[in-house]
Amino acid sequence: MRNKIKKHEWVIALFLAIVCSILTMGTLLFKDIQAFPLTADAMGHMTKVQYIANQLMQGHIPSWFPAWYNGSAATQYYVPLSYYIMAPIYMVFRNITVTYKLFCILMYFVGGMGVWYFCKKKIGDYCGLFAIIAFCFQKFLAESLYGAGVVAQGPIFAFMPWYLYCILCLIDKPNKKRALGATVFLLLILLSHAMHAFMVCFATMAVLFLFVLFKKVSIKNYMIAVMTVLFAGMITAFWSVVGATGFENPGVPFLLPEAGKNYTADFTCFSNVSNGSMLHLSIITWALSLFAMFVMIIRTLYRRIAKKNEKTSSIYISAPLLLTAFTMIFSFGYHLPLWDYIPMANSLVPGRILSYTAVTAAITIACIANKCKKMIKRKSIVALLYIALLATFVICLNPFIGDYGIIKGNEYDKVAACLDQDTDSFDKGRYEWIAPVNCSETYYPIQYHYNLSDGWNIEGSLHKDTIWNFNI
């Protein structure tokens, strides 16, 4: 019976990942699908998704979006992967909120299966099921997608576990298949958000270099891994290099000066008390990770003092653990004394590296679960520990704690009823609003065929920065 369950663990993982991905929405799951997510950015992105989907249905691949400002790039600010994942969903369901929810569920599902696959292949049986729960219910990811509405980062959450798996396999035993896998998944991350991809690569390569220094990984293998990063960067240079050199390119973000500092972590981000920010890493995540780090250090010191030749921890266990510690420290960004020495430090949003922490910490928690199973002989005690771990997840990672807002179009309908409905978009005056405002202002007027004097996330590049500052 046990072997039969073990053989079909992937079915359990599949079911668990689907259920967890759906439950991540919390209270938003039961809200009206005719209403819209009330977030900082979601409706700004969904406006573009709707436009791209409509253009694709007419047989056009859009590059220009005429409804904002004096026209703007269809995939401004963020690179296009998330838009082109959501566009086919919208083409099927023709509902912005359903598209948004299904996209988020899909991204969680792919990421959840990624951490499970990593654990199944490299750590042990069953423990990856804990990783799915720890990853999917990580508060930071939910606050990013459902609270802040940064849906363009959804593919990053989905593909980071797969990238970590491929890059560790490559540096362990290089071959063409592993090099291709590492390159492809980094490509997908780059085509979601180049700045986030840089932080993921910087953290990964910095930690892996420690294995080179301690002669656990050869310099040859390390350089092969570096070459895959460079190759992926070269392929996507039409997005990233242009922005880095300061030339015009609508798809590369121009970071507003205050953005990086606003999304820099502090100690309140690592408690169970809401700090009003999307930067929130659950206490269970970092507490278990620090515990695992403490055990690893004590074990290493003991081996050195006792001069024991025990087999050292696998790179698949120690690398995620070290990455968890590294990314947590990295998230403090502008509070760190040596931050300015990091390449492109002023173009980074350091707190968002916590999405990578969600991946590596989930794997670390799975390692702890697997170690308990191996060390403790009595199955009843192991079962009690697993139940305690699940209970802790329910308390600390409960997705139904808190609420995600929605907005209905009633007020916009009243305004639209007073406006000209008979003429075409370019024959009307342009729609403008007075702050304070949310991103839904960029969506509703377009439904009534109005062009806007303003837009959303327009600080995408140099000429857009000028438009933003002078409201042209």
> Within a reach of under 6.0 Å around CD1 of Ile61, are more than 12 heavy atoms found that belong to other residues, nucleotides or ligands?
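No - once you tally the heavy atoms of other residues, nucleotides and ligands closer than 6.0 Å, there are 12 at most.
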> Please determine whether the number of non-hydrogen atoms from other residues, nucleotides or ligands lying under 6.0 Å from atom CZ of Phe202 exceeds 12.
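Yes, enclosed.
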> If you define the side chain from C-beta out and look only at heavy atoms, does anything of Ile406 sit under 4.5 Å from Phe36?
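The answer is no, as the side chains (C-beta and beyond) never meet within the 4.5 Å cut-off.
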> Angle class for the Tyr83/His45 ring planes (parallel below 30°, perpendicular above 60°, tilted otherwise)?
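Ring orientation of Tyr83 relative to His45: tilted.
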> Does atom CE of Met91 have more than 12 heavy-atom neighbours from other groups under 6.0 Å away?
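Enclosed: over 12 neighbouring heavy atoms sit under 6.0 Å from CE of Met91.
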> Donor-acceptor pair, Lys48 side chain versus Phe65 backbone, under 3.5 Å?
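Not confirmed, Lys48 side chain does not pair with Phe65 backbone.
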> Heavy-atom distance under 4.5 Å between the side chains of Phe332 and Trp339, does that happen here?
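Heavy-atom side-chain distance check fails, nothing below 4.5 Å.
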> Which residue in the set Asn221, Ile224, Val212 passes side-chain contact (heavy atoms from CB on, under 4.5 Å) when paired with Ile171?
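The single option meeting the side-chain contact (heavy atoms from CB on, under 4.5 Å) with Ile171 is Asn221.
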> Okay, side chain of Ser21, backbone of Phe109: is any donor-acceptor separation there less than 3.5 Å?
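At least one qualifying donor-acceptor pair exists.
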> Are side-chain heavy atoms of Phe137 and Cys20 found at a separation under 4.5 Å?
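Yes, side chains in contact.
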> Nearest 0.5 angstrom please: Arg178 CZ to Thr183 OG1, how far?
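Reported to 0.5 Å precision, the distance equals 14.0 Å.
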> Would Ile167 and Met205 count as a side-chain contact (heavy atoms from CB on, under 4.5 Å) if you check the C-alpha gap in whole Å, the side-chain angles of each, and the deciding distance to 0.1 Å?
CA-CA 10 Å; Ile167 199 70; Met205 292 303 147; 4.0 Å; yes
> What I'd like to find out is whether the side chain of Leu81 reaches to under 4.5 Å of the side chain of Phe159, using heavy atoms alone.
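Touching, per the 4.5 Å side-chain cut-off.
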> Between Tyr146 and Tyr100, what is the ring plane arrangement, given parallel below 30°, perpendicular above 60°, and tilted in between?
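Judged by the thresholds at 30° and 60°, the geometry between Tyr146 and Tyr100 is perpendicular.
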> Please check if any side-chain donor atom of Tyr126 sits under 3.5 Å from a side-chain acceptor atom of Asn370, or the reverse.
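Looking only at side-chain atoms, Asn370 and Tyr126 do not form any donor-acceptor pair under 3.5 Å.
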> State, yes or no, whether a side-chain contact exists between Leu390 and Ile387 at a heavy-atom distance under 4.5 Å.
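They are not in side-chain contact.
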> What distance do Ile353 atom CD1 and Phe140 atom CZ have between them, rounded to the nearest 0.5 Å?
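The CD1 atom of Ile353 sits 9.0 Å away from the CZ atom of Phe140.
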> Kindly determine whether Arg352 and Ile156 satisfy side-chain contact (heavy atoms from CB on, under 4.5 Å), including the steps that lead there.
CA-CA 11 Å; Arg352 287 185 172 171; Ile156 297 172; over 6 Å; no
> Considering only heavy atoms from C-beta outward, does the side chain of Cys169 approach that of Lys122 to under 4.5 Å?
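Cys169 vs Lys122: side chains touch.
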> Once the angle between the rings of Trp162 and Phe185 is folded into 0 to 90°, is it parallel (under 30°), tilted (30 to 60°) or perpendicular (over 60°)?
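Ring orientation of Trp162 relative to Phe185: parallel.
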> Begin from the C-alpha positions of Leu164 and Leu323 and carry the test side-chain contact (heavy atoms from CB on, under 4.5 Å) through to its verdict.
CA-CA 10 Å; Leu164 180 60; Leu323 274 167; 3.7 Å; yes
> So do Pro320 and Tyr316 actually touch side chain to side chain, heavy atoms under 4.5 Å?
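When only atoms from C-beta onward are counted, Pro320 and Tyr316 do not touch, as no gap falls below 4.5 Å.
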> Between the side chains of Thr204 and Tyr356, does any donor sit under 3.5 Å from an acceptor?
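The criterion, which ignores hydrogens and geometry beyond distance, is satisfied for Tyr356 and Thr204.
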> State, with a plain yes or no, whether a side-chain heavy atom of Thr24 is found less than 4.5 Å away from one of Cys104.
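No, too far: nothing below the 4.5 Å cut-off.
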> Would you say the side-chain atoms of Ser355 and His196 include a donor-acceptor pair closer than 3.5 Å?
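Yes, because at least one side-chain N or O of Ser355 sits under 3.5 Å from a partner of the opposite role on His196.
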> Do you know which two heavy atoms are closest between Met195 and Leu348, and how far apart they sit?
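Minimum heavy-atom separation between Met195 and Leu348: CG-CD2, 3.8 Å.
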> Just by distance, do the side chain of Lys101 and the backbone of Leu28 share a donor-acceptor pair under 3.5 Å?
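Between the backbone of Leu28 and the side chain of Lys101 there is a qualifying donor-acceptor contact (under 3.5 Å).
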> Keeping Thr360 on the side-chain end and Leu321 on the backbone end, is there a donor-acceptor pair under 3.5 Å?
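No; zero donor-acceptor contacts below 3.5 Å.
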> Roughly how far, to the nearest 0.5 Å, is CG of Leu322 from OG1 of Thr324?
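That separation rounds to 8.5 Å.
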> Checking Lys373 side chain against Asp125 main chain: does a donor-acceptor pair fall under 3.5 Å?
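Yes, Lys373 side chain to Asp125 backbone: donor-acceptor pair under 3.5 Å.
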> Check whether Tyr108 reaches the backbone of Phe157 with its side chain - one donor and one acceptor, N or O, closer than 3.5 Å.
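No, the answer is negative, given that no donor and acceptor are paired below the 3.5 Å cut-off.
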